[in-house]
Amino acid sequence: MLARARTATLAVACALVALVLPAAPAQAAGHDPVLFVHGIYMDGPTTWTDMVADFERDGWAPDSLQLMNYNTWQHLEESAAEVADEVNVLRAKTGAAKVDIVAHSMGAPVVRWYLKYLGGTQYVDDFVSVAGANHGGIGLAVCGIQPACQDLAWYSPFMQTLNAGDETPGPTTYTSIWSSCDELINPDSSAWLDGATNIWAGCIGHVSMAAWPPNFDRTEAAVA
């Protein structure tokens with residue numbers, strides 16, 4: 001009788017502990033949290049509306065998917081520092097040791113600067129560039145004299161420094177999803193990264209690359 005009473009008491013105590021303990025962090029489901037970084041000529045965070053919805057349908061917890069917003073006029077090094085802040089917020093919120101990052105267009109070199117020069121590789125497991133301006137290629141006529149556009153020129157000090165030496169440093173895995181019909185990334189090969197998995201998406205327009213369903217699957221596979 002005494003043994004049964006002790007067993008019953010232990011069961012009740014365990015049930016109470018389960019009720020009061022906080023929920024497991026989002027990455028416990030098997031996925032790292034993901035930070036989405038938009039580009040220069042897009043609709044800001046809404047660039048990712050369809051892709052994020054697809055991630056949620058496929059099992060990512062909504063609070064593990066974070067949309068970054070930033071000033072697309074400022075120098076890209078300034079935006080890279082903001083990526084560092086966003087990663088810190090996402091890690092603190094989810095309890096994750098590392099996160100994944102998905103970036104579109106100008107967002108790709110911004111994130112790569114964070115990875116290469118701001119210590120980001122220790123906190124980022126997987127990085128996916130979608131139609132990334134990784135070697136410049138967005139003509140200055142597209143967006144004028146703003147500092148960010150100046151940095152996007154292939155010959156800019158920013159681009160020359162970013163692409164000097166190792167283009168895919170650290171333990172982070174790199175994937176670049178590119179199009180052979182990208183009207184803003186010229187030449188198309190500007191989106192490729194040495195040392196990355198470079199995936200051809202077909203003949204898709206620059207803006208559509210972030211909202212084209214086959215790229216949802218490619219991106220999820222790259223961060224799985």
Side-chain angles (χ1 to χ4, degrees), residues 22-39 45 47-48 50-70 76-77 79-134 162-163 165-178 191-201 209-210 214-224:
Q27 75 274 14
H31 301 302
D32 289 330
V34 185
L35 176 66
F36 293 85
V37 183
H38 63 79
T47 297
W48 303 110
D50 293 339
M51 186 179 289
V52 166
D54 196 73
F55 267 67
E56 291 179 3
R57 283 192 296 271
D58 290 339
W60 273 260
D63 64 356
S64 74
L65 304 174
Q66 183 162 306
L67 304 180
M68 178 176 173
N69 196 15
Y70 62 101
L76 302 192
E77 288 183 50
S79 298
E82 292 185 24
V83 171
D85 293 338
E86 291 282 334
V87 168
N88 289 339
V89 168
L90 183 55
R91 290 178 61 239
K93 179 174 70 174
T94 60
K98 289 191 173 185
V99 305
D100 300 326
I101 302 182
V102 180
H104 181 245
S105 189
M106 185 184 75
V110 166
V111 173
R112 289 180 54 222
W113 188 277
Y114 160 66
L115 293 173
K116 189 168 185 176
Y117 294 114
L118 302 181
T121 58
Q122 64 183 311
Y123 302 120
V124 178
D125 188 19
D126 302 304
F127 167 60
V128 183
S129 163
V130 179
N134 286 309
L162 177 61
N163 292 309
D166 192 354
E167 294 187 358
T168 53
T172 302
T173 64
Y174 295 76
T175 301
S176 178
I177 303 173
W178 66 281
W192 304 349
L193 286 172
D194 289 339
T197 300
N198 294 294
I199 300 174
W200 177 56
M209 284 284 284
N215 282 346
F216 303 166
D217 295 335
R218 296 183 177 108
T219 301
E220 287 182 11
V223 302

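Heads up: numbering here begins at 1 and tracks the sequence.
D194 is not listed as a side-chain neighbour of N163, based on a closest heavy-atom distance of 4.5 Å or more.
In plain terms, the two heavy atoms of P171 and K98 that are nearest each other are CG-NZ, 4.3 Å. Nearest heavy atoms, T47 versus A210: CG2-CB, 3.7 Å. Closest heavy-atom contact between M68 and S79: CE-O, 3.9 Å. Nearest heavy atom pair, residue A103 against residue A108, reads CB-N, 3.6 Å. Closest of all the heavy-atom pairs between R218 and I199 is CD-CG2, 3.7 Å. The two atoms that bring Y114 and V87 nearest to each other are OH-CG1, 3.5 Å, heavy atoms only.
Remark: T219 pairs with M51, F55, V102, V128, V130, I177 by the side chain to side chain contact (heavy atoms under 4.5 Å, CB included) rule, at least two apart or across chains. Remark: T168 pairs with D166, Y174, L193, A196 by the side chain to side chain contact (heavy atoms under 4.5 Å, CB included) rule, at least two apart or across chains. Residues passing the side chain to side chain contact (heavy atoms under 4.5 Å, CB included) test with Q66, sequence neighbours excluded: L35, E86, V89, L90, K93. For N69, the side chain to side chain contact (heavy atoms under 4.5 Å, CB included) test picks out H38, P45, with sequence neighbours left out. For D100, the side-chain hydrogen bond (donor to acceptor under 3.5 Å, both in side chains) test picks out no residue, with sequence neighbours left out.
T94 places no side-chain N or O within donor-acceptor distance of the main-chain N or O of S64, the cut-off being under 3.5 Å.
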Before giving the answer on side-chain contact (heavy atoms from CB on, under 4.5 Å), spell out for I101 and V83 the whole-Å C-alpha distance, their side-chain angles and the decisive distance to 0.1 Å.
-> CA-CA 10 Å; I101 302 182; V83 171; 4.1 Å; yes
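Relative orientation of the W178 and W200 rings is tilted, given thresholds of 30° and 60° on the angle between their planes.
In this structure, CH2 in W113 is found 8.0 Å from CG in L118, a value given to the nearest 0.5 Å. A distance of 6.5 Å separates CZ of F127 from CG of L115, quoted to the nearest 0.5 Å. Summarising the geometry, atom NE2 belonging to H104 is positioned 6.5 Å from atom CH2 belonging to W48; distances are rounded to the nearest 0.5 Å. Note that CZ of R112 is 4.0 Å distant from CG of L162, once rounded to the nearest 0.5 Å.
The stretch residues 116-132 participates, sequence neighbours left out, in these side-chain hydrogen bond (donor to acceptor under 3.5 Å, both in side chains) pairs: D126-T173, S129-N134.
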